[in-house]
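See structure below.
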Amino acid sequence: MPELPEVETTRRGIEPHLCGQIIQRLIVRQPRLRWPVPGQLARRVKRARIGEIARRAKYLLISIDNGTLLIHLGMSGSLRIIKDNTPPGPHDHIDLVLENGSRLRFRDPRRFGAWLWTAAPPETHPLLNSLGPEPLSSTFNADYLHRLARGRKRAIKSLLMDSHAVAGVGNIYANEALFLSGIHPARPAGRISQQRYDKLVAALKRVLNDAIRQGGTTLRDFTSGDGKPGYFQQSLSVYARQGKPCPVCTTPIRETRSAQRSTFYCPRCQR
Ligand SMILES: [Zn+2]
């Protein structure tokens with residue numbers, strides 16, 4: 001599943017090909033994604049100029065003359081730039097065709113992705129207006145998290161994955177950051193000191209930045225036609241390593257499941 005680093009890497013990969021270009025037309029072959037692609041979308045974006053490409057949580061925001069395209073990759077979506085009219089595959093649901101002849105092609109086998117439109121400022125859109133701060137922004141810091149957690153019995157991992165608390169932190173990165181900062185995932189958020197929050201915030205920013213950096217180097221070219229999305233495997237300390245030795249103390253990594261999400265931790269290093 002594309003996580004925040006993959007979405008950010010995608011943003012960086014497609015931006016130079018889209019920014020400043022004029023849209024010739026939008027081709028929607030399959031409008032039934034997670035939400036239906038708006039019927040008016042093709043008409044709205046036609047002949048408009050593309051401005052900046054931003055990201056909020058795991059949404060890509062393509063700003064256009066008269067509004068913003070909100071794109072989510074869902075479980076299996078990917079975007080790439082194609083320079084010619086390569087015939088679409090069965091899961092290539094949308095092409096954004098530019099006047100210069102290249103296209104942004106959206107592939108999504110499981111169809112949990114989204115292409116939506118808003119004419120209002122995107123931060124006021126219902127999907128975005130209650131999101132917490134971006135994890136890589138300066139507003140997301142130990143003070144903020146410590147204050148938010150005060151008096152709360154809720155487990156720290158569940159707080160980290162709550163998009164109202166901090167936007168777009170996936171399961172992999174929550175698990176890894178808690179390991180790196182030595183915090184037990186089930187520890188009540190209100191019972192963690194400011195100093196430990198300092199470590200946690202730094203660890204979370206580090207794992208996300210490492211993943212983005214790795215994406216930038218290991219990623220296939222966004223203009224290649226192989227259709228492979230640019231997702232990548234980081235070297236992970238605890239995630240999906242249940243039963244394997246902790247990289248610090250060799251105690252077997254433990255796995256617990258709740259609400260269909262797995263938590264991985266070292267019972268010795270994490271308190
Ligand atoms: Zn350990």
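Computation of the quantities below employed the complete heavy-atom set of this structure, encompassing side-chain atoms and omitting hydrogens, waters and symmetry-equivalent molecules.
Taking the six-membered ring for Trp and thresholds of 30 and 60 degrees, H184 and Y265 have ring planes inclined between 30 and 60 degrees apart.
With rounding to the nearest 0.5 Å, the separation of CZ in R152 from OG in S158 is 8.5 Å. Separating the CG atom in N100 from the CD1 atom in I23 is a distance of 11.5 Å, to the nearest 0.5 Å. With values rounded to the nearest 0.5 angstrom, I156 atom CD1 is found 4.0 Å from I192 atom CD1. The NZ atom of K199 sits 11.0 Å away from the CG atom of L180 when rounded to the nearest 0.5 Å. To the nearest 0.5 angstrom, R105 atom CZ is 11.0 Å from S78 atom OG. Here L33 contributes atom CG and H72 contributes atom NE2; the two are 12.5 Å apart, rounded to the nearest 0.5 Å.
Between K58 and E3 there is a salt bridge, with a side-chain nitrogen of the basic residue lying less than 4.0 Å from a carboxylate oxygen of the acidic one. R55 and E134 are joined by a salt bridge, as a carboxylate oxygen and a charged side-chain nitrogen come within less than 4.0 angstrom of each other. One finds no salt bridge joining R111 and D108 here, because no Lys/Arg side-chain nitrogen approaches an Asp/Glu carboxylate oxygen to under 4.0 Å. Ionic pairing of R47 and D65 is not present here: no N-O contact between side-chain nitrogen and carboxylate oxygen is shorter than 4.0 angstrom. Taking 4.0 Å as the cut-off between side-chain N and carboxylate O, D84 and R103 do not count as a salt-bridged pair.
Taking all atoms of both residues into account, the shortest heavy-atom contact from A57 to A167 is CB-CB, 3.8 Å. Between P135 and F140, the shortest heavy-atom contact is O-CD2, 3.3 Å. The shortest non-hydrogen separation linking C269 to C246 is SG-SG, 3.8 Å. Scanning all heavy atoms of the two residues, the minimum distance from L98 to H17 falls at CD1-O, 3.7 Å.
When hydrophobic clusters are built by joining Ile, Leu, Val, Met, Phe, Trp and Tyr residues whose side-chain heavy atoms come closer than 4.5 Å, directly or via intermediates, M1 is not grouped with Y59. Note on L60 and L116: separate hydrophobic clusters, where clusters join Ile, Leu, Val, Met, Phe, Trp and Tyr whose side-chain heavy atoms are under 4.5 Å apart, directly or indirectly. Both V201 and L148 are part of a single hydrophobic cluster, where members link through side-chain heavy atoms under 4.5 Å apart. Residues I22 and L41 do not share a hydrophobic cluster, clusters being chains of Ile/Leu/Val/Met/Phe/Trp/Tyr side chains in contact below 4.5 Å. When hydrophobic clusters are built by joining Ile, Leu, Val, Met, Phe, Trp and Tyr residues whose side-chain heavy atoms come closer than 4.5 Å, directly or via intermediates, L61 is not grouped with L79.
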Before you tell me yes or no, could you show the steps for S63 and E52 under side chain to side chain donor-acceptor pair (under 3.5 Å), namely the whole-Å CA-CA distance, both residues' side-chain angles and the distance that decides it to 0.1 Å? CA-CA 6 Å; S63 92; E52 65 165 3; 5.3 Å; no
Go through the steps to decide whether Q194 and D143 satisfy the test side chain to side chain donor-acceptor pair (under 3.5 Å), and finish with yes or no. CA-CA 7 Å; Q194 168 103 15; D143 272 346; 2.6 Å; yes
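In this structure, a donor-acceptor pair under 3.5 Å is absent between the side chains of N129 and T124.
For the pair E15 (side chain) and R11 (backbone), a donor-acceptor distance under 3.5 Å is absent. Under the 3.5 Å distance criterion, the side-chain polar atoms of Q242 are left unmatched by any main-chain donor or acceptor of F264.
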